[in-house]
2 protein chains.
Amino acid sequence: MQREAPTLAHVARLAAVSENTVSRVIRNKGPIAEETRKRVIEAIDSLGYVPNRAAGALASSSSLIIGVLLPSLSNIVFPEVLRGIHAALADTPYQAMIGVTDYDLLQEQKLLGSLLAWQPAAIVTTGFDHTDASRRMLEQSGIRIAELMDIDDRPIDIAVGLSHRGAGRESARHLVARGYRRIGYVGHDWSADRRAHFRYEGFRQGLQEAGLSPAAEFRFEGASSTMAGREALAQLLGRGGDVDAVVFSNDDMAVGGFMHCLGAGLAIPERLALFGFNGLDIGQALPRPLSTIRSNRFLIGRTAAEKLLEARERPAEPQIIDTGFEIVEGATA
Amino acid sequence: MQREAPTLAHVARLAAVSENTVSRVIRNKGPIAEETRKRVIEAIDSLGYVPNRAAGALASSSSLIIGVLLPSLSNIVFPEVLRGIHAALADTPYQAMIGVTDYDLLQEQKLLGSLLAWQPAAIVTTGFDHTDASRRMLEQSGIRIAELMDIDDRPIDIAVGLSHRGAGRESARHLVARGYRRIGYVGHDWSADRRAHFRYEGFRQGLQEAGLSPAAEFRFEGASSTMAGREALAQLLGRGGDVDAVVFSNDDMAVGGFMHCLGAGLAIPERLALFGFNGLDIGQALPRPLSTIRSNRFLIGRTAAEKLLEARERPAEPQIIDTGFEIVEGATA
DNA sequence: CGAAATTATCTCAGCGCTAACATAAACTCT
DNA sequence: AGAGTTTATGTTAGCGCTGAGATAATTTCG
C-alpha cells in the first residue's frame, strides 16, 4: 500500500532517459528537446514524483531555503514583513525558514548558525546590529544577505527599508507646520528596539530645526504595546507637563494614548494632538483616524525577497533600497 | 582565507576517532565513553564544526524540520500560534518551515507537497479541512501531524485547540445570564474562516437553550478587521434592528464595533453591550476592556510542538488536546 | 564535403552524513 | 576459565541528487 516515494531513477526509467536529463528538465537547466521534456513531465506527473530537497541541497551544496531572522512575532510589524517575503516566494520553489531572536543578538547568532547549516540560498535579517561572530558568518557564507527595516547604515549586501531618522524628523516637521509648539514624546524601551531610538533622534532634530526641543518625555520601561502607551501618556500628563501634542514611538503606543484621552475626556486634537508611526490598521479604525507615518512593511519583505532571488551573487557595492514612508494625515494632529 | 567548512571527517581526524563516533556524540545516540565524548566536543568547538543538515536529512530520510501551514499572517492570531511553536522549538535542533495558505485548501495542498519534499519530522496545520490529496499525503507520510485551533472533529494524529462551538455557546449563555435578551450577531465572511462559523452555530445553540434566537444579524463580506467591524455594526444598527447586545465573530470586529459606538455616542454597555472572541490585547486596552473569550493561541502552538516532539510515532488512537478558553469579564457586556 | 560548432544526452563520482552490522575490549556469571 | 553479556568503537554502503566532463547526433560553414 504505502510504497516508497518515487525517485529520479523511477522517473528516468519510465521516461526512458537518464536521471540527469530528468534533473535538468526539473531545474530548467541546459538544452532539452521539446519532445523529451514532454515525456519526462508526463512521467513525473504519472508517478507523482516530488524531488527530495535534502538530496538536492547536499549535491549542489545550496538549498532552496531562505533563512529569515525576525526579532519578534508579537509585534504585527514583523508578521507583515514575513507576509511580504512569502508573497515573493509564493511562485518559486523557495521556502522560508524562520528564526525568532527576541531582539537578542546572541540568539540571532545562534539561530544564524543553525540556519546556515541548511546551506540556504539567502538570509534575511533585521537591522545592522549583529555580533562580530554573526557578521563573520554572514560575510563568509558568500550567500546573498538582506538587512531589513533600516537604511541608515552600510549593509553587508543589500538593505531594504526606510530612514527612521528621516521619519522621526518628518513627524516633528509635520507637527511644527501645524502650529504645535509644546511637543512631547512617549516611547518604550529602546534597548530592544534601536529603530525607535533612531526615530526619536530624528524627532529631536526636526524640532531643533524649528528652534524647539521636546516639551516633555516619558519612556515606558518595557516593550511597546497599547497598554504601555495608555499608561505612559497618563504618566506624562500626570507630571503636569504642559504639552499640546505628543509623538509616540509607534502606533501601538499611540493607540494606547488615544484610549487614555478617551477615558480622561481629553479632546483630540484640540486639547492634545497625537502622532504615531507605522500606519497600522487599528490606528485608522479609531473614531478619529490616527495621524501617523506609514512604513511599508509588506513591501519591505517582498522587495527584499525579490531582490535576493534576482541574482545569486552579491553586488560589487552594498546596495540600499529605500521603500520610503508617507505621512498619513489622519485627524489626531 | 575562506577555507571550506569543516565536515565530520575533519572532526573525526582531529579527535582521532571514526566519523561515526563523532556522529553519535552529536546525536547523543548509543554508548560513548566520557573521555571520548570530551575529546570529540573539544574538536568540534575548536573547528567550529556545524553539521550539514541536508546531508543528515538525506542519510536518515528525516529532517529536523517542522513544517507549519498557516492560513494567514495578517491576523495576529496565527503569528501568536507560530510564536508558541517557536517557543517549544527554541532549545531543540528543530526548525520551523512555514507556508501560508491564504485560507485556500488547494494552496495548502501545494505547500504541503513542497514541505514534504524536505522530509520534515512533523507537520503542523490548521483545522480539519483538507483536500483529499492533502489528507492522503498527510496520512501516508507516516510522520506526526498536528491539526490546530479546533477540536470538534476527528484528527489524523493529534488536534490541539478549543471547541469553537463551545465558545460560541458560552458567549450566548454569558449574555443571557447578564439579562440581555435582544442579542445580535456581527460577523465576517465564513467561507475563509470556518471556525467563525462554528462559533456562530454554538452561539445560536446557546440562545436556543434560553428560548431565544438572534435579534439581528449582519455579516460583512470579506475578511475580519477593525474597519469591517465598525462598518458592520453601523449597518446592523442602521437597519433599525432593536438589539441590546451584539456578539462579534472576533475581537477585531468587536473593537471596530466599539469604535462605532464611540463615534455614534452609544453608551457601552448601557445602550449596547459588546462581546468578542480571542482576548486580544487591543480589546483590553479600550477605555472599557472588552468582554470576550480568551483563546490561548500561544499555548496551542507550544503544546502542539511539544506533543509532536514527544514521540516519533503516532498514537494508536487520534488524540485531542483541549487548551480550553475562558470568559474575560471585561466591561462591555 | 570535412572540420568545427552546436545541441541533446549520458556516465559517473561524490556531496556529508547515518544505519546496520562487525569487531574488540571489558565485564559478569556459573 | 570459558561462554555469554555489555560497552565502546570501527567499517562499509548507501541516501537521491547534481556537476563536470564524455559522447553522440545534428547543424553550420569555409
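As a basis for the values below, the full set of heavy atoms in this structure was taken, side chains included, without hydrogen atoms, waters or symmetry mates. Numbered from 1 within each chain, the chains take letters A, B, ... in sequence-line order.
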Give me the distances for all protein-to-nucleotides 9-12 of chain D N/O pairs that come in under 3.5 Å?
unit_1	atom_1	unit_2	atom_2	d
D/dT9	OP1	B/Thr36	OG1	2.3
D/dT9	OP2	B/Ala33	N	2.9
D/dT9	OP2	B/Thr36	OG1	3.3
D/dG10	OP2	B/Ser18	N	2.6
D/dG10	OP2	B/Ser18	OG	3.0
D/dG10	OP2	B/Thr21	OG1	2.8
D/dT11	O4	B/Asn20	ND2	2.9

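Of all nucleotides in DNA chain C having an atom under 4.0 Å from a heavy atom of chain B, the first and last in 5' to 3' order are C/dG16 to C/dA20.
Not counting sequence neighbours, the partners of B/Arg194 by the salt bridge (charged side-chain N to carboxylate O under 4.0 Å, His left out) test are B/Asp129. In this view, A/Glu80 and A/Arg297 satisfy the salt bridge (charged side-chain N to carboxylate O under 4.0 Å, His left out) rule, not counting sequence neighbours. With sequence neighbours excluded, the residues that form a side-chain contact (heavy atoms from CB on, under 4.5 Å) with A/Ser72 are A/Ser74, A/Asn75, A/Phe78, A/Tyr103. The salt bridge (charged side-chain N to carboxylate O under 4.0 Å, His left out) check on A/Arg302 picks up A/Glu306, with sequence neighbours excluded. Applying the ring-ring contact (aromatic ring centres under 6.0 Å, His included) criterion to B/His164, with sequence neighbours excluded, gives B/Phe277. Shown here are the salt bridge (charged side-chain N to carboxylate O under 4.0 Å, His left out) partners of B/Arg135, two or more places apart in sequence or in another chain: there are none.
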Carefully, step by step, assess A/Glu310 and A/Lys307 under the rule salt bridge (charged side-chain N to carboxylate O under 4.0 Å, His left out).
CA-CA 5 Å; A/Glu310 225 171 76; A/Lys307 284 286 164 194; 3.6 Å; yes
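Phosphate contact (OP1/OP2 of D/dT18, side-chain N/O of A/Arg27, threshold under 4.0 Å): present.
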Would you give me the side-chain donor-acceptor pairs under 3.5 Å for residues 44-60 of chain A, sequence neighbours excluded?
unit_1	atom_1	unit_2	atom_2	d
A/Ser46	OG	A/Ala43	O	3.3
A/Asn52	OD1	A/Ala54	N	2.9
A/Asn52	OD1	A/Ala55	N	3.1
A/Ser60	OG	A/Gly56	O	2.8
A/Ser60	OG	A/Ser62	N	3.4
A/Ser60	OG	A/Ser62	O	3.0

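Sorted pairs that involve residues 311-323 of chain A and meet side-chain hydrogen bond (donor to acceptor under 3.5 Å, both in side chains), not counting sequence neighbours, are lacking altogether. For residues 143-159 of chain A, the side-chain hydrogen bond (donor to acceptor under 3.5 Å, both in side chains) pairs, not counting sequence neighbours, are A/His130-A/Glu147, A/Arg144-A/Asp157, A/Asp152-A/Ser163.
Taking five base pairs at each end of the helix from C/dC1-D/dG30 to C/dT30-D/dA1, the local helix axes there meet at an angle of 30°, rounded to 10°.
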